[in-house]
Amino acid sequence: MELIVLWDIDHTLIENAGVSKEIYAAAFAALAGRQPTGPARTEGRTDRLILRDMFLRDGLPEPDWPAVEAALAHAGEERLDDLRLRGTALPGVREALKAASAHDDWVSSVLTGNIAANARVKLSAFGLDPLLDLSAGAYGADAELRPDLVAVARERARRLHDVAADVPAVLVGDTPRDVEAALATDSGIIAVASGIHSSEELAAAGASVVLSDLSDTAELLEILETFAVHGKRPRTSLGCP
């Protein structure tokens, strides 16, 4: 059965060890000519909203998006070595991505608030990029709000792989915003408590499947296969705290 699997990146596939916030600060400084007064607030938001919030918070006009995207891409490229040194792929991620990519009738890509250039930097730092079809993903430059990225990924899967409109999609992510995006778009959700949000918070946001991490490949594949067969997976204790 066909399936679209859309993975979040930060704190779902990788631990960025603070490099993400350094990227935002560096991009802000390049555009504003000074450091921001506080760190970026991320928590599943898109890069468009994160940088807009930084400029508004500091009482500065928001630059045009092409300039913001270029500054983010430059800051991300400059920090690839830092990410490799300080960050890591999270437990079980490599095996999970390999298992998903082994299904010829699945599209396994990303749905992330990062711009495409920085998504590729973060994945390539740990050799994960070949395990994903990044051309079919949705990124922080594609829309301001996370739910809108689902339609972008679906359209790319249709155009690139002739995926029908009724093929189930499932999001895998670590924040309530991932859960909200899935619920708002009639997609499945596998919430992973590998970031700052607890299993209880993710369940309260509406996730019927919550995993502590992605280390159990067999369990994860069983859940994904159930989504492929039944669409939105019925509420069950499997994988839940």
Side-chain angles (χ1 to χ4, degrees), residues 1-14 44 46 89-90 92-124 126-143 145-175 177-192 207-209 211 214 216-233 239:
M1 299 293 291
E2 293 181 291
L3 183 67
I4 302 170
V5 188
L6 299 170
W7 310 82
D8 176 49
I9 295 177
D10 293 297
H11 312 298
T12 298
L13 298 181
I14 73 161
T46 63
L90 287 169
V93 161
R94 197 174 310 276
E95 294 75 17
L97 295 181
K98 285 180 180 178
S101 67
H103 283 255
D104 292 336
D105 50 354
W106 291 7
V107 175
S108 180
S109 190
V110 297
L111 191 145
T112 175
N114 290 283
I115 61 170
N118 287 349
R120 190 173 293 277
V121 164
K122 290 178 177 183
L123 294 167
S124 66
F126 310 107
L128 301 178
D129 49 319
L131 303 176
L132 291 154
D133 183 356
L134 296 181
S135 62
Y139 303 92
D142 293 322
L145 300 177
R146 204 171 191 93
D148 295 334
L149 295 179
V150 178
V152 173
R154 278 192 166 280
E155 172 57 23
R156 286 175 177 158
R158 183 203 63 78
R159 178 168 48 84
L160 295 170
H161 300 288
D162 199 27
V163 173
D166 61 350
V167 168
V170 55
L171 280 58
V172 185
D174 67 289
T175 74
R177 282 191 172 87
D178 295 295
V179 179
E180 291 160 8
L183 297 178
T185 59
D186 203 35
S187 303
I189 178 66
I190 298 174
V192 191
S208 59
V209 179
L211 305 177
L214 298 176
D216 190 334
T217 305
E219 178 187 32
L220 177 64
L221 262 289
E222 181 182 348
I223 296 169
L224 288 172
E225 287 163 0
T226 305
F227 275 118
V229 174
H230 298 292
K232 289 179 69 176
R233 188 171 178 276

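Note: hydrogens, waters and symmetry copies are ignored here, and every other heavy atom, side chains too, is used. Quick caveat, the model's predicted, so the values are computed rather than measured.
- Atom CG of Asp10 sits about 5.0 Å away from atom CG of Asn114, to the nearest 0.5 Å.
- For Asp105 (side chain) and Met1 (main-chain N/O), a donor-acceptor pair under 3.5 Å exists by modelled atom type.
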Steps toward side-chain contact (heavy atoms from CB on, under 4.5 Å) verdict (Tyr139, Leu149): CA-CA 7 Å; Tyr139 303 92; Leu149 295 179; over 6 Å; no
Criterion salt bridge (Lys or Arg N to Asp or Glu O under 4.0 Å) on Arg177 and Glu180, from CA distance to verdict: CA-CA 5 Å; Arg177 282 191 172 87; Glu180 291 160 8; 5.2 Å; no
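- For Thr185 (side chain) and Pro147 (main-chain N/O), no donor-acceptor pair under 3.5 Å exists by modelled atom type.
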Residue pair Leu131, Trp7: steps toward the side-chain contact (heavy atoms from CB on, under 4.5 Å) verdict: CA-CA 12 Å; Leu131 303 176; Trp7 310 82; over 6 Å; no
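- With a 4.5 Å cut-off on side-chain heavy atoms, Leu123 and Val110 count as touching.
- Arg94 places no side-chain N or O within 3.5 Å of a backbone atom of Ala89 that could act as its donor or acceptor partner.
- Leu13 has its side chain within reach of Leu97: a pair of non-hydrogen atoms, C-beta onward, lies under 4.5 Å apart.
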Verdict with reasoning, Glu225 to Trp106, per side-chain contact (heavy atoms from CB on, under 4.5 Å): CA-CA 10 Å; Glu225 287 163 0; Trp106 291 7; 3.9 Å; yes
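- Once rounded to the nearest 0.5 Å, the distance linking OG of Ser108 with CG of Leu6 reads 8.0 Å.
- Taken from CD1 in Ile190 to CD in Glu219, the straight-line distance is 9.0 Å, to the nearest 0.5 Å.
- Separation of atoms CG (Leu111) and CG (Asp142) is listed at 9.0 Å; rounding is to 0.5 Å.
- Side-chain contact between Asp8 and Leu171: absent, with no pair of heavy atoms (C-beta onward) separated by less than 4.5 Å.
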Stepwise side-chain contact (heavy atoms from CB on, under 4.5 Å) test for His161 and Val167: CA-CA 12 Å; His161 300 288; Val167 168; over 6 Å; no
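- Between the side chains of Asp174 and Thr12, at least one donor N or O lies within less than 3.5 Å of an accepting N or O.
- When every heavy atom of Val179 is checked against every heavy atom of Ala207, the shortest pair comes out as CG1-N, 3.5 Å.
- The residues Glu155 and Arg158 are annotated as salt-bridged, a charged nitrogen and a carboxylate oxygen being separated by less than 4.0 angstrom.
- Ile189 and Ala182 make their closest contact through CB-CB, 3.6 Å (heavy atoms, listed as atom of the first residue, atom of the second, distance).
- Atom CG of Leu128 and atom CG of Leu134 lie 10.0 Å apart (nearest 0.5 Å).
- Summarising the geometry, atom CG belonging to Asp178 is positioned 4.0 Å from atom CZ belonging to Arg146; distances are rounded to the nearest 0.5 Å.
- Of all non-hydrogen atoms in Asp148 and Ala143, the two that sit nearest each other are CB-CB, 3.7 Å.
- Residues Ala96 and Thr217 come closest through the heavy atom pair N-OG1, 4.2 Å.
- Minimum heavy-atom separation, Glu2 to Pro168: O-CD, 3.8 Å.
- Ser109 approaches Leu132 most closely through the heavy-atom pair O-CD2, 3.7 Å.
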